[in-house]
2 protein chains.
Amino acid sequence: MRIDYHFSMQRTNQQQRANQQQTVLRALGEADGPLSARELWSRLIGSGKSVGLATVYRALQRGVEEGTLESVEGLGRGVRYEPKDREHHHHFLCSTCDHAFDLFGCVEGLDSLVPDGFQMTGHEVVLLGTCDACGNAA
Amino acid sequence: MRIDYHFSMQRTNQQQRANQQQTVLRALGEADGPLSARELWSRLIGSGKSVGLATVYRALQRGVEEGTLESVEGLGRGVRYEPKDREHHHHFLCSTCDHAFDLFGCVEGLDSLVPDGFQMTGHEVVLLGTCDACGNAA
DNA sequence: GGAGAAATGATAATCAATTCTCACATTATT
DNA sequence: AATAATGTGAGAATTGATTATCATTTCTCC
């Protein structure tokens, strides 16, 4: 009796096989705002890059550990990630497409909001509304 | 012959039996900031009120449906709830105890952050840091 | 007081996000 | 090449939040 294993060697994908995590981090770096693991994965798949979701998580986790990435909470649910080398900025969250866009600039008058005895170490500003694309699509 | 039924009438709790949802909503109304379902439940239990977690969820859900409550995302993970009749305000999120506190006042210069073509319908400001209690406990 | 509607609490089911596992692939080291 | 160390993808397992279910218990209105 003979057992024939033809596991697929088909998926060897030699083109896109340098270091998948590099691919992941590069894609995040090119984004116009912070992305969740799944958003990032979708973009990669959508652009023809074949990576596993687990690899995306690994790349993000490692990026945070190594200090090149930063996790961003406070944008709807879920956690998003962005490169840590960006200048101080805030985000615009489109309620239609749920994408988060980087903004430039900051605001005044935050200190006056801090209650007595509280120590402020940071702040987040999120603008809500409709992005250009979604506004025009309406 | 006489049969004595002493089924437990013990847990009749007539004190706290008006309407559990009222109890839940009242507790939320007395809080100094938005609470998650679980936070609210913990407070109730902690203060001797016996309510089921499911009831807390039901009360919150209904409050939102009826328009008396508002869900607040953007404070760390999870969703919190607050009465809708509060004036426009923002929050301070303590990174130690993870409690969210209401703040008074707002900020200037938000409009200038909105990119061309985007429509802003709202905004959130979250201050991060250490609350009074946690700061002193250190 | 009684009947049906609504509320309640315990717990199971669901769901999405994240992590884990493992067989295999790739790279690095001799 | 040989071996070891690390990376990878697929899917299973885990986790936490929320919702659904169901047997009781209360409420409401007659």
Side-chain angles (χ1 to χ4, degrees), chain A residues 3 5-28 34-45 48-66 69 71-81 98 100, chain B residues 5-28 34-46 48-66 69 71-81 98 100:
Chain A
I3 301 178
Y5 294 100
H6 21 154
F7 298 146
S8 59
M9 287 291 81
Q10 308 148 11
R11 33 175 290 307
T12 303
N13 283 347
Q14 54 277 73
Q15 326 90 20
Q16 50 199 237
R17 259 314 161 74
N19 179 341
Q20 295 293 67
Q21 297 193 22
Q22 291 301 316
T23 307
V24 171
L25 297 179
R26 195 174 317 124
L28 181 59
L35 300 178
S36 68
R38 200 168 218 93
E39 283 172 335
L40 185 44
W41 180 70
S42 300
R43 288 199 181 192
L44 287 161
I45 297 299
K49 307 273 203 319
S50 144
V51 290
L53 181 54
T55 298
V56 174
Y57 275 104
R58 282 189 280 245
L60 292 174
Q61 188 176 48
R62 195 145 134 188
V64 171
E65 282 166 6
E66 296 176 349
L69 297 186
S71 68
V72 183
E73 296 185 352
L75 293 168
R77 314 200 182 192
V79 184
R80 302 185 197 218
Y81 298 84
D98 197 48
Chain B
Y5 293 99
H6 20 157
F7 297 147
S8 59
M9 287 291 82
Q10 308 147 10
R11 36 174 290 313
T12 304
N13 285 344
Q14 53 277 72
Q15 327 90 16
Q16 52 197 236
R17 255 317 158 72
N19 180 341
Q20 295 292 67
Q21 296 194 22
Q22 291 300 317
T23 307
V24 171
L25 297 179
R26 195 173 320 123
L28 181 59
L35 300 177
S36 68
R38 201 168 216 92
E39 284 173 334
L40 185 44
W41 181 70
S42 301
R43 289 200 178 191
L44 287 162
I45 297 299
K49 308 273 202 318
S50 144
V51 290
L53 180 55
T55 299
V56 175
Y57 274 105
R58 281 187 280 244
L60 292 174
Q61 186 176 49
R62 193 144 133 191
V64 171
E65 282 167 5
E66 295 176 349
L69 297 186
S71 69
V72 183
E73 296 186 353
L75 294 169
R77 313 197 184 195
V79 183
R80 303 185 197 217
Y81 297 84
D98 197 48

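A, B, ... follow the sequence lines: proteins, then strands. Residue 1 opens every chain.
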**Prompt:** Rounded to the nearest Å, what distance is computed from the NZ atom of residue A:Lys49 to the C1' atom of nucleotide D:dG9?
**Reply:** 18 Å
**Request:** Could you check which of D:dT18, D:dT19, D:dG11 has an atom nearest any side-chain atom of B:Gln61?
**Result:** D:dT19
**N/O donor-acceptor pair under 3.5 Å between A:Gln20 side chain and A:Ser50 backbone** = yes
**Message:** Looking at A:Gln21, I'd like to know whether one of its side-chain N or O atoms comes within less than 4.0 Å of OP1 or OP2 on D:dT8.
**Reply:** yes
**Prompt:** Donor-acceptor pair, B:Ser42 side chain versus B:Arg38 backbone, under 3.5 Å?
**Reply:** yes
**Asked** Mind checking what makes side chain to side chain contact (heavy atoms under 4.5 Å, CB included) contact with B:Leu69, not counting sequence neighbours?
**Response** B:Leu25, B:Leu28, B:Leu60, B:Val64
**Fill in**
Between the OH atom in A:Tyr81 and the CD atom in A:Gln61, the distance rounded to the nearest 0.5 Å is 8.0 Å
**Asked** Does the side chain of B:Arg77 get closer than 4.0 angstrom to OP1 or OP2 of C:dA17 through an N or O atom?
**Response** no
**Prompt:** When you check the phosphate oxygens OP1 and OP2 of C:dG9, does a side-chain N or O of B:Gln20 lie under 4.0 Å from one of them?
**Reply:** yes
**Prompt:** What nucleotide, of D:dA20, D:dA17, C:dA7, holds the atom closest to the side chain of B:Asn19?
**Reply:** C:dA7
**Request:** Spell out yes or no: do the side chain of A:Arg58 and the base of D:dG9 have one donor N/O and one acceptor N/O closer than 3.5 Å?
**Result:** yes
**Item:** A:Glu73: side chain to side chain donor-acceptor pair (under 3.5 Å) partners, not counting sequence neighbours
**Value:** B:Arg77
**Complete:** Taken in chain and number order and not counting sequence neighbours, the residues that satisfy side chain to side chain donor-acceptor pair (under 3.5 Å) with B:Glu66 are B:Arg62
**Asked** For C:dT18, does OP1 or OP2 lie under 4.0 Å from any side-chain N or O of A:Tyr57?
**Response** yes
**Item:** Sequence-distant partners of A:Ala27, side chain to side chain contact (heavy atoms under 4.5 Å, CB included), two or more places apart
**Value:** A:Leu40, A:Leu44
**Complete:** Atom CG of B:Leu60 and atom C1' of C:dT8 are separated, to the nearest Å, by 15 Å
Would you tabulate the nitrogen or oxygen pairs shorter than 3.5 Å linking the protein to nucleotides 3-5 of chain C?
none

**Request:** Give a yes/no on whether any side-chain N or O of A:Thr55 is located under 4.0 angstrom from OP1 or OP2 of D:dG9.
**Result:** yes
**Message:** Between B:Trp41 and B:Val51 (side chain of the first, backbone of the second, donor and acceptor by atom type, cut-off under 3.5 Å), is there such a pair?
**Reply:** yes
**Asked** Tell me: CH2 of B:Trp41 to C1' of C:dT8, nearest whole Å?
**Response** 15 Å
**Fill in**
Distance col, row B:Lys49:NZ vs B:Arg26:CZ, nearest 0.5 angstrom, shows 7.5 Å
Check nucleotides 14-16 of chain D against the protein and report each pair of N or O atoms closer than 3.5 Å, with its distance, or say if there are none.
none

**Prompt:** Rounding to a whole Å, what distance do you find between B:Leu40:CG and D:dT18:P?
**Reply:** 12 Å
**Asked** Roughly, in whole Å, what's the span from CD in A:Glu39 to C1' in C:dT18?
**Response** 16 Å
**Asked** Of all the choices, C:dA10, C:dA7, C:dT18, which nucleotide is nearest to the side chain of A:Arg38 once you look at every atom?
**Response** C:dT18
**Nearest-angstrom distance from the residue atom CG of A:Asp98 to P of C:dA17** = 11 Å
**Item:** Inter-residue atom distance B:Arg80.CZ - B:Glu39.CD, 0.5 Å rounding
**Value:** 4.5 Å
**Asked** How close or far is atom C1' of D:dA10 from atom CD1 of A:Ile45, stated in whole angstroms?
**Response** 12 Å
**Prompt:** In whole angstrom, what separates B:Leu25's CG from C:dA7's C1'?
**Reply:** 13 Å
